[in-house]
Amino acid sequence: MMSYTLKLESPLIKAIRLGELLGLDNLYLKNEGLNPTGSQKDRVSLYHVNRAAGEGFDTITTGTCGNYGSSLAYFARLKGLKPVIFVPRSYSNRRITEMVSKGAQVILVEGSYEDAVMTSSKTAREYGWYDANPGSKNWEEGLSSFKGIAYEIVNRLGKAPDNVIVPVGNGSTLTGVYLGFRELLEKGITEKLPRIIATTTSHGNPIAVAYKKGLNSVPALKRVRETRFNEPLVSMIAFDGDSALQAIRESGGFVVEVPDYKMVRYSMLAKVSEGVCVLPASASTLEALNYIGECSRGEVTVAVLTGRCI
Ligand SMILES: Cc1ncc(COP(=O)(O)O)c(C=O)c1O
């Protein structure tokens, strides 16, 4: 097999027209949708695939609802690993066809996303596969892969922004982005931490519930309402919820819950004004701009967008 080092870097664009429409002079969009498989999950997939290959595994597995599975399948195949992806039966969508076309074995699981994750982890233990699931042995270390988002933003801007808005499901991306900004501050490369602001669905996300109730740890939810638009953000268990909640609080950020119709509107606005085509779930970050405050016009704000639209 050919040896190579793959490096990911997504564009940061100054959104002049969108900023004008939303009343901001310094709005930037970090478009993770332009990663090879269309989402920020490529960063963490690449970490786990490299690690699995380095440790001599021949098979890698995760439970997923779509973006992560498709991404893991793509990078696994590049490295010559076999991807086995567990997906809840009720989630059958175009991402499954994509996973199969990338060479994944897809196993449909009765139950929720969380059931798919548990089943994948259990099967990994039984068969000696590399476990790339949230909560697995190497998961926490893998979150470091999202630090790259912070480093790339600072490289481009030459300083830390005032606000960074991240769409949140499990809280993994937000946690890693925060760790990146904290590391940059500790190394003396930047002079401050940006406010880390989370957006998520108003139909059920445990991080939003914990934030609203002022809790110190993120509870599991019993009921959520999942739709075709909010699917990446809705969850009963947020696997990196506690660390995400801590990141939001430590940085002086907050959480905004967004209904589907607003996500769809913002994704259309991003497309029409900037030609950026991303999933409505991630365009939820633009709703947070309304909550940043009166004096934010000149502040530097970065909205993380992801999930390529179809
Ligand atoms: C498009 C999109 N936005 C946001 C998220 C949420 O990311 P996280 O689960 O890391 O919080 C995901 C997760 O897959 C996603 O696919």
Side-chain angles (χ1 to χ4, degrees), residues 10 29-35 37-45 47-48 62-72 85 87-88 91 93-95 98-99 113-114 116-117 132-135 139-140 142-149 164-180 196-201 204-208 210-211 218 226-245 247-248 255-256 258 260 263-264 266-267 270 276-288 303-310:
S10 68
L29 306 178
K30 180 73 173 150
N31 189 357
E32 289 287 301
L34 292 180
N35 283 323
T37 78
S39 86
Q40 83 282 19
K41 296 291 170 184
D42 284 357
R43 295 178 185 265
V44 71
S45 296
Y47 169 88
H48 287 293
T62 191
T64 175
C65 295
N67 282 338
Y68 183 40
S70 186
S71 172
L72 199 73
I85 311 294
V87 183
Y91 278 69
N93 57 26
R94 79 184 162 89
R95 284 303 222 175
E98 227 177 277
M99 288 176 219
Y113 161 68
E114 287 78 8
V117 167
N133 280 286
W139 184 254
E140 211 175 304
L143 294 182
S144 293
S145 59
F146 294 118
K147 286 181 186 173
I149 296 176
V164 176
I165 315 168
V166 185
V168 158
N170 276 326
S172 319
T173 311
L174 185 144
T175 299
V177 169
Y178 172 70
L179 291 175
I196 306 287
I197 299 162
T199 58
T200 191
T201 173
N205 179 281
I207 300 169
Y211 179 80
V218 172
E226 191 184 293
T227 68
R228 57 191 287 223
F229 299 112
N230 72 13
E231 173 267 304
L233 310 178
V234 83
S235 63
M236 290 195 284
I237 297 171
F239 285 100
D240 295 305
D242 288 346
S243 53
L245 189 64
I248 294 160
V255 182
V256 180
V258 187
D260 284 13
M263 295 180 193
V264 172
Y266 280 117
S267 66
V276 167
C277 197
V278 291
L279 283 185
S282 77
S284 63
T285 51
L286 301 175
E287 168 69 356
V304 176
L305 298 174
T306 181
R308 217 174 285 156
C309 66
I310 36 172

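Every number for a ligand or one of its atoms is a count from 1 in the order of the listing. All heavy atoms count here, side chains included; hydrogens, waters and symmetry mates do not. Note that the coordinates shown come from a computational prediction; the quantities given were computed from them, not determined experimentally.
With sequence neighbours left out, E287 forms a salt bridge (Lys or Arg N to Asp or Glu O under 4.0 Å) with K262. Residues satisfying the side chain to side chain donor-acceptor pair (under 3.5 Å) criterion with T285, sequence neighbours excluded, are absent altogether. Partners of N67 under the side chain to side chain donor-acceptor pair (under 3.5 Å) rule, at least two apart in sequence or in another chain, are R95.
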T37/D42 under side-chain hydrogen bond (donor to acceptor under 3.5 Å, both in side chains): CA gap, chis, key distance, verdict: CA-CA 7 Å; T37 78; D42 284 357; 2.6 Å; yes
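The aromatic rings of H48 and W139 sit parallel, their planes meeting at an angle under 30°, below the 60° perpendicular limit.
Between the side chains of N170 and Y68, no donor-acceptor pair of N or O atoms lies under 3.5 Å.
Closer than 4.0 angstrom to ligand 1 by heavy atom are Q40, K41, N67, P167, V168, G169, N170, G171, S172, T173, P232, L233, L279, T306, sorted by chain and number.
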